Amino acid sequence: MAFAWKAAGISYNRYLAIAARVVRRSLQEGPRLQAERRGEMDLRFAKWQNGKQGENRSLGEANAEAATELASQEAK
């Protein structure tokens with residue numbers, strides 16, 4: 001039998017993120033707030049071109065910009 005996350009078509013990392021969010025939301029108020037703060041993260045990346053590192057950017061912001069750009073292209 002295949003793993004449930006494979007059958008659902010998601011990656012193992014995505015499965016873990018969903019499971020962690022469910023556990024954090026099930027906690028009582030005090031521990032839940034502490035766990036939610038620990039669960040926040042800020043991923044950053046930089047594009048490399050011609051052997052030189054570009055500007056460091058937030059992954060969340062870059063994804064939001066890309067989604068906005070894609071939506072504007074689809075509207076045309």
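What you see is a predicted model, and the numbers here were worked out from it, not measured in a lab. The first residue in the sequence is number 1, and the count goes up from there.
- Residues F3 and I10 share a single hydrophobic cluster, defined by chaining ILVMFWY side chains whose heavy atoms lie under 4.5 Å apart.
- In this structure, S26 has no side chain to side chain contact (heavy atoms under 4.5 Å, CB included) partners at least two apart in sequence or on a different chain.
- Residue R44 holds its CZ atom at 8.5 Å from CD of E55, rounded to the nearest 0.5 Å.
- Here OG1 of T68 is found 10.5 Å from CG of N63. Values are rounded to the nearest 0.5 Å.
- Shown here are the side chain to side chain donor-acceptor pair (under 3.5 Å) partners of Q28, two or more places apart in sequence or in another chain: there are none.
- The two residues A46 and G54 have their closest heavy-atom pair at CB-O, 3.7 Å.
- Taking Q53 as the reference, N56 meet the side chain to side chain donor-acceptor pair (under 3.5 Å) condition, with sequence neighbours excluded.
- Evaluation of the side chain to side chain contact (heavy atoms under 4.5 Å, CB included) rule for E29 yields R32, L33 as partners, not counting sequence neighbours.
- Not a single salt bridge (Lys or Arg N to Asp or Glu O under 4.0 Å) links R21 to another residue, sequence neighbours left out.
- Shortest non-hydrogen contact noted between S58 and F45 is O-CE2, 4.0 Å.
- The salt bridge (Lys or Arg N to Asp or Glu O under 4.0 Å) test applied to R57 returns E65, not counting sequence neighbours.
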